[in-house]
**Q** 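Would you mind keeping the following structure in view while I ask a few things?
Numbering of residues begins at 1 and proceeds along the displayed sequence. This is a predicted model, so every value here is computed, not measured.
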Amino acid sequence: MMTLFVKYICKPGCREPFLREIAARGIDTAIRAEQGCICYDYYLSVQDPDVILLVEKWTEPEAQKVHMTQPHMKELSALKKDYVADTVFGEAAL
């Protein structure tokens, strides 16, 4: 299993619009339906209204690599340009 943590630092006031766009376009639903996806959940910071933590769990690293090539990931990347100031990646060592 592979667990990734992605911290999105949104542009001021853009956290909620970013999440609404992801849901409205079905990006999160498409990702959760991908083969090998165990978990794909967003968590919101109480302390910082511009921060989102994404927790991804995949059955294996290869499934996550395939995930990154999907058309909805290009769409997510385009959305990030409008709403996200910075992205920080981390992987859990389990």
Side-chain angles (χ1 to χ4, degrees):
M1 185 168 61
M2 175 185 193
T3 302
L4 298 173
F5 300 97
V6 182
K7 181 179 178 181
Y8 291 123
I9 302 165
C10 295
K11 296 174 183 177
C14 287
R15 181 174 78 178
E16 296 303 323
F18 178 55
L19 291 171
R20 277 195 302 272
E21 281 287 329
I22 290 169
R25 294 171 185 236
I27 295 170
D28 54 341
T29 303
I31 293 168
R32 289 183 184 113
E34 288 181 44
Q35 186 171 358
C37 182
I38 298 168
C39 169
Y40 192 88
D41 293 320
Y42 295 101
Y43 298 88
L44 306 181
S45 172
V46 174
Q47 293 82 15
D48 189 332
D50 297 323
V51 171
I52 302 166
L53 176 65
L54 167 62
V55 179
E56 298 182 45
K57 290 184 184 178
W58 298 89
T59 54
E60 58 190 0
E62 291 76 22
Q64 200 275 336
K65 287 179 186 173
V66 171
H67 154 72
M68 294 304 294
T69 67
Q70 300 303 307
H72 47 263
M73 291 307 294
K74 286 185 181 181
E75 194 172 2
L76 179 61
S77 181
L79 283 177
K80 285 173 57 177
K81 290 177 185 176
D82 292 335
Y83 296 108
V84 177
D86 196 13
T87 305
V88 181
F89 298 93
E91 185 174 342
L94 300 175

**Q** Would a hydrophobic clustering, with Ile, Leu, Val, Met, Phe, Trp and Tyr connected at side-chain separations under 4.5 Å, put V46 with F18?
**A** no
**Q** Identify the two heavy atoms, one from W58 and one from I38, that lie closest to each other, and give their separation to 0.1 Å.
**A** C-CD1, 3.8 Å
**Q** Once you round to the nearest 0.5 Å, how far does CG of L19 lie from CG of L54?
**A** 10.0 Å
**Q** Measure the shortest side-chain to side-chain distance between V66 and E34 over non-hydrogen atoms and say whether it is less than 4.5 angstrom.
**A** no
**Q** Minimum heavy-atom separation for G36 and A63, please, with both atom names.
**A** CA-CB, 4.0 Å
**Q** To the nearest 0.5 Å, what is the distance between CD (E75) and CD1 (I22)?
**A** 10.0 Å
**Q** Measure the shortest side-chain to side-chain distance between Y8 and Y83 over non-hydrogen atoms and say whether it is less than 4.5 angstrom.
**A** no
**Q** Supply the atom-to-atom distance E60 CD to M2 CE, rounded to the nearest 0.5 angstrom.
**A** 10.5 Å
**Q** Among the clusters formed by ILVMFWY side chains lying less than 4.5 Å apart, do V6 and Y42 turn up in the same one?
**A** yes
**Q** Taking only residues two or more places apart in sequence or in another chain, which ones pass side chain to side chain donor-acceptor pair (under 3.5 Å) with R32?
**A** D28
**Q** Look up atom CD in Q35 and atom CD in E62, then write down how far apart they are to the nearest 0.5 Å.
**A** 12.0 Å
**Q** Taking the side chain as C-beta and beyond, is there a heavy-atom pair between Q70 and L76 under 4.5 Å?
**A** no
**Q** Might you confirm whether atom NZ of K11 has over 12 heavy atoms from other residues, nucleotides or ligands at distances under 6.0 Å?
**A** yes
**Q** What pairs with Q64 under side chain to side chain donor-acceptor pair (under 3.5 Å), at least two apart in sequence or on another chain?
**A** none
**Q** A side-chain contact here means heavy atoms from C-beta on lying under 4.5 Å apart; do V55 and F5 qualify?
**A** yes
**Q** Looking at every non-hydrogen atom in both residues, tell me the closest pair between C10 and I52 and how far apart they are.
**A** SG-CD1, 3.7 Å
**Q** Is I31 close to M73 at the side-chain level, that is, under 4.5 Å between some pair of heavy atoms?
**A** yes
**Q** Main chain of E56, side chain of D41: is a donor-acceptor contact present, judged purely on distance under 3.5 Å?
**A** no
**Q** Measuring from K80:NZ to D86:CG, what's the distance to the nearest 0.5 Å?
**A** 9.0 Å
**Q** Please find the pair of heavy atoms, one from V51 and one from R15, that lie closest to each other, and give the distance.
**A** O-NH1, 3.1 Å
**Q** Just how far is it from atom SG of C39 to atom CE of M1, taken to the nearest 0.5 Å?
**A** 9.5 Å
**Q** Mind running side-chain contact (heavy atoms from CB on, under 4.5 Å) on D82 and E21 for me, showing each step along the way?
**A** CA-CA 11 Å; D82 292 335; E21 281 287 329; over 6 Å; no
**Q** Checking Y43 now: which residues fulfil ring-ring contact (aromatic ring centres under 6.0 Å, His included) with it, not counting sequence neighbours?
**A** none
**Q** Could you see if I9 belongs to whatever hydrophobic cluster contains L44? Use Ile, Leu, Val, Met, Phe, Trp, Tyr and a side-chain cutoff under 4.5 Å.
**A** no
**Q** Quick one: are R20 and P17 in side-chain contact, heavy atoms under 4.5 Å?
**A** yes
**Q** Which class fits the ring pair H72 and H67: parallel under 30°, tilted 30 to 60°, perpendicular over 60°?
**A** tilted
